[in-house]
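We count ligands from 1, going down the list as the structure has it; atoms in each ligand are counted the same way.
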Amino acid sequence: MTAVLAGLGTCLPPRVVGNRELSQRLDTSDDWIQARTGIHERRIADTGTTTVGMATSAADAALSDSGMADVDALVLATSTPDQLCPGSAPQVAAGLGLSGIPALDVNAACTGFLYALATAGGMLAAELAERVLVIGADTFSRLCDPDDRTTAPIFGDGAGAVVLRAGTAAEPGALGPFDLHADGTRANLLVVPAGGSKQRFSDNSHDYFLHMQGREVFRHACAKMAESVLAVLRVARLPLAGVDRLVGHQANLRILQTLAARLGLDEKHLVTNIGHVGNTSAASIPLALADAVDGGHLRPGHHVVLTAFGAGLTWGSSVLTWPPVRGNMQGHRIPEDSYEPVVR
Ligand code: UT7
């Protein structure tokens, strides 16, 4: 059995925070943020809006897009769960009226959605389930120090979900192969030092926020995603010239442009929506897919490569042929100009 993508849904919190608003309280500027990241604005969850809430809403939208009433299992990719314990996936299942199905969190940071897709694919292959919801949801604004100009402008909040069903490898929407990796020797490059078992409490409140060595992460992201895309294409026997759309984790527009250049891929094949949503971590890939479908930039029959890189470090890629799935964005549409590659 192979996992086949059968529905797509998203949820973005309504509050839009633009670069100018941020630069009123941080030592930064609209020009710096746009030039160095490609981000114009991001969505920020208000108090009361949580990862579970956004994940449930995106999953509900994906279910209605798929035409299915329910699923047999749920996998939630997140590194910002509502609580450290328990995992958030059971609460999402409960919110959907699906208490009782197996539901688990996968924490692979910005690569989480790809790891969750692979996990769900394994459940389908092992015949543990016939339909699985896979959700990527993160509320990184809660982990960013609002006074830290090196992280606060980068991250945004949101959720995206897909419904996978058991099918065959020859069908449009069939997922795989996958190429997944991790390197814990570089965990310190992107880390929240306190709050876990290593450093439960800290006198320094900054330890509870995300610390990122941006330049190093940037370097590894470009190198590892390029390697991974080439590896997955080799296994899939898909030549680079056959790739219609590259849907990369939206961490920085310059990373995506560097990746395209390294691969020798024309930028017109890049899917980018970072300008309007920022880095939404595990939600990044499904949000980018939904925006691209909605804008007509991703169409049935397109050969799509998914690739991501994040804390851990973790990275990976997968491929699929886009199926006739329209996506349900619940009215959170963004301007179509975000599909135009920015060339500097
Ligand atoms: O999603 C998980 C994976 N995450 C990523 O992939 C993020 C990867 N990293 C990045 O996207 C980039 O490294 C950043 C956007 C985070 C930073 O951009 P950069 O071009 O690498 O900047 P930098 O860290 O090398 O800093 C250049 C300068 C520094 O000043 P000096 O030392 O040259 O005087 C920074 O202090 O820019 C300064 N700077 C800022 N200036 C204005 C850093 N952040 C800001 C800011 N506004 N927000």
Stepwise salt bridge (charged side-chain N to carboxylate O under 4.0 Å, His left out) test for R131 and D72: CA-CA 6 Å; R131 302 175 305 274; D72 319 309; 3.4 Å; yes
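Defined by atom type and a distance below 3.5 Å, a donor-acceptor pair is missing between the side-chain atoms of S23 and S29. Side-chain polar atoms of D138 and T80 form a donor-acceptor pair below 3.5 angstrom.
Listed by chain and residue number, L143, L210 satisfy the side-chain contact (heavy atoms from CB on, under 4.5 Å) test with V192 (two or more places apart in sequence, or in another chain). Not a single salt bridge (Lys or Arg N to Asp or Glu O under 4.0 Å) links D31 to another residue, sequence neighbours left out. Contacts of M1 classified as side-chain contact (heavy atoms from CB on, under 4.5 Å), with partners at least two apart in sequence or in another chain: A166.
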Dump all N/O pairs between ligand 1 and the protein below 3.5 Å as a table: atom names plus distance, one pair per row.
residue: ligand 1; atom: 1 (O); partner: H249; partner atom: NE2; Å: 2.8
residue: ligand 1; atom: 1 (O); partner: N279; partner atom: ND2; Å: 2.6
residue: ligand 1; atom: 9 (N); partner: G214; partner atom: O; Å: 3.0
residue: ligand 1; atom: 11 (O); partner: N252; partner atom: ND2; Å: 2.7
residue: ligand 1; atom: 13 (O); partner: G214; partner atom: O; Å: 3.1
residue: ligand 1; atom: 20 (O); partner: R36; partner atom: NE; Å: 3.0
residue: ligand 1; atom: 20 (O); partner: R36; partner atom: NH2; Å: 2.8
residue: ligand 1; atom: 20 (O); partner: R254; partner atom: NH2; Å: 2.8
residue: ligand 1; atom: 25 (O); partner: R215; partner atom: NE; Å: 2.6
residue: ligand 1; atom: 25 (O); partner: R215; partner atom: NH2; Å: 2.9
residue: ligand 1; atom: 36 (O); partner: R149; partner atom: NH2; Å: 2.9
residue: ligand 1; atom: 41 (N); partner: W32; partner atom: NE1; Å: 3.3
residue: ligand 1; atom: 41 (N); partner: R149; partner atom: NH1; Å: 3.4
residue: ligand 1; atom: 47 (N); partner: T28; partner atom: OG1; Å: 2.7
residue: ligand 1; atom: 48 (N); partner: T28; partner atom: OG1; Å: 3.1
residue: ligand 1; atom: 48 (N); partner: R149; partner atom: O; Å: 2.9

